[in-house]
Amino acid sequence: QVQLVESGGGLVQPGGSLRLSCVVSGLFLDYYAIGWFRQAPGKEREGVSIINNYGNTYYIDSVKGRFTISRDISRDSAKDTVYLQMNSLKPDDTAVYYCATRGGPALTFEYRFDSWGQGTQVTVSS
């Protein structure tokens, strides 16, 4: 059974940093892409970043240069982890952040993601 668990959210001042983690079990990231999404109050969910099975990455324009997606593929356990390092945070980054998984290498949010985590709240405020 595929399971994704996010953590690392919190309250941070503008200009600060947070690192989100997405622990993935039930599949191997050698074959799957992980996407980070966010949903702010009253807004639609939007894709933020993707790392595919080859380790290639994609970012939406509003986070380029500020956010970095990476992954840690564990050879010793059944759990891999994907990170989203968020620097120079802005109030507009406030949202619930979700990770989700999808097979294949496509670096686009056009295709459906299959399994989702429960989300972690990020609040950027002074």
task: Answer whether the closest heavy-atom distance between the side chains of E46 and I60 falls below 4.5 Å.
output: yes
- prompt: Can you tell me how far the OG1 atom of T101 sits from the CG atom of D80, to the nearest 0.5 Å?
  reply: 10.0 Å
query: What distance separates Y98 OH from C22 SG, expressed to the nearest 0.5 Å?
result: 13.0 Å
field: Criterion side chain to side chain contact (heavy atoms under 4.5 Å, CB included) on V82 and L4, from CA distance to verdict
entry: CA-CA 10 Å; V82 174; L4 298 90; over 6 Å; no
field: Rounded distance [0.5 Å steps], CZ in F67 versus CG in L18
entry: 9.0 Å
- request: Just do the side chain to side chain contact (heavy atoms under 4.5 Å, CB included) check on L29 and I34 with the steps written out, would you?
  value: CA-CA 8 Å; L29 295 184; I34 295 290; 3.5 Å; yes
task: Would you indicate whether the side-chain heavy atoms of I69 and Y83 approach each other to under 4.5 Å?
output: no
Counterpart residues, ring pair (Phe, Tyr, Trp, His ring centres under 6.0 Å), relative to F109 (two or more places apart): F37, Y58
statement: Residues pairing under salt bridge (Lys or Arg N to Asp or Glu O under 4.0 Å) where one sits in residues 12-23, two or more places apart or in two chains, turn out to be none
task: Tell me, with the steps shown, if E6 and W36 meet side chain to side chain contact (heavy atoms under 4.5 Å, CB included).
output: CA-CA 10 Å; E6 303 96 334; W36 281 99; 3.9 Å; yes
query: Does I73 reach the side chain of D30, with side-chain heavy atoms less than 4.5 Å apart?
result: yes
- request: Kindly write out the residues that satisfy side-chain contact (heavy atoms from CB on, under 4.5 Å) with N53, not counting sequence neighbours, or none if the list is empty.
  value: P105
Pairs satisfying salt bridge (Lys or Arg N to Asp or Glu O under 4.0 Å), at least one member in residues 115-126, at least two apart: none
query: Out of curiosity, does V5 fall in the hydrophobic cluster containing V2 (side-chain heavy atoms, cut-off under 4.5 Å, transitive links)?
result: no
- request: Identify, with sequence neighbours excluded, every residue that meets side-chain contact (heavy atoms from CB on, under 4.5 Å) alongside V124.
  value: V12, P14, L89, P91, D93, T94, V122
- request: Sequence neighbours left out, what passes side-chain hydrogen bond (donor to acceptor under 3.5 Å, both in side chains) with Y97? Give chain and number order.
  value: R38
- line: By side-chain hydrogen bond (donor to acceptor under 3.5 Å, both in side chains), Q85 pairs with (sequence neighbours left out) N87
- prompt: Under the 3.5 angstrom rule, does the side chain of T120 hit a backbone N or O of G9 as a donor-acceptor pair?
  reply: yes
message: Once side-chain hydrogen bond (donor to acceptor under 3.5 Å, both in side chains) is applied, do any residues pair with S88, and if so which ones, sequence neighbours excluded?
response: none
- request: Could you tell me which non-hydrogen atom of L84 sits nearest to which non-hydrogen atom of S49, and how far apart they are?
  value: CD1-CB, 4.2 Å
task: Would you please name every residue forming a side-chain contact (heavy atoms from CB on, under 4.5 Å) with D92, sequence neighbours left out?
output: none
message: Hydrophobic clusters here meaning ILVMFWY residues chained together by side-chain heavy-atom distances under 4.5 Å, can you tell me if I51 and F113 are in one?
response: yes
- request: Scan L20, V48, V63 and name whichever one has a side-chain contact (heavy atoms from CB on, under 4.5 Å) with M86.
  value: L20
field: For D114, all residues meeting salt bridge (Lys or Arg N to Asp or Glu O under 4.0 Å), sequence neighbours excluded
entry: R112
- line: With sequence neighbours left out, the residues meeting side-chain contact (heavy atoms from CB on, under 4.5 Å) with K64 are Y59, D61
From CA spacing to verdict: side chain to side chain contact (heavy atoms under 4.5 Å, CB included), V24, R71: CA-CA 10 Å; V24 183; R71 65 183 185 176; over 6 Å; no
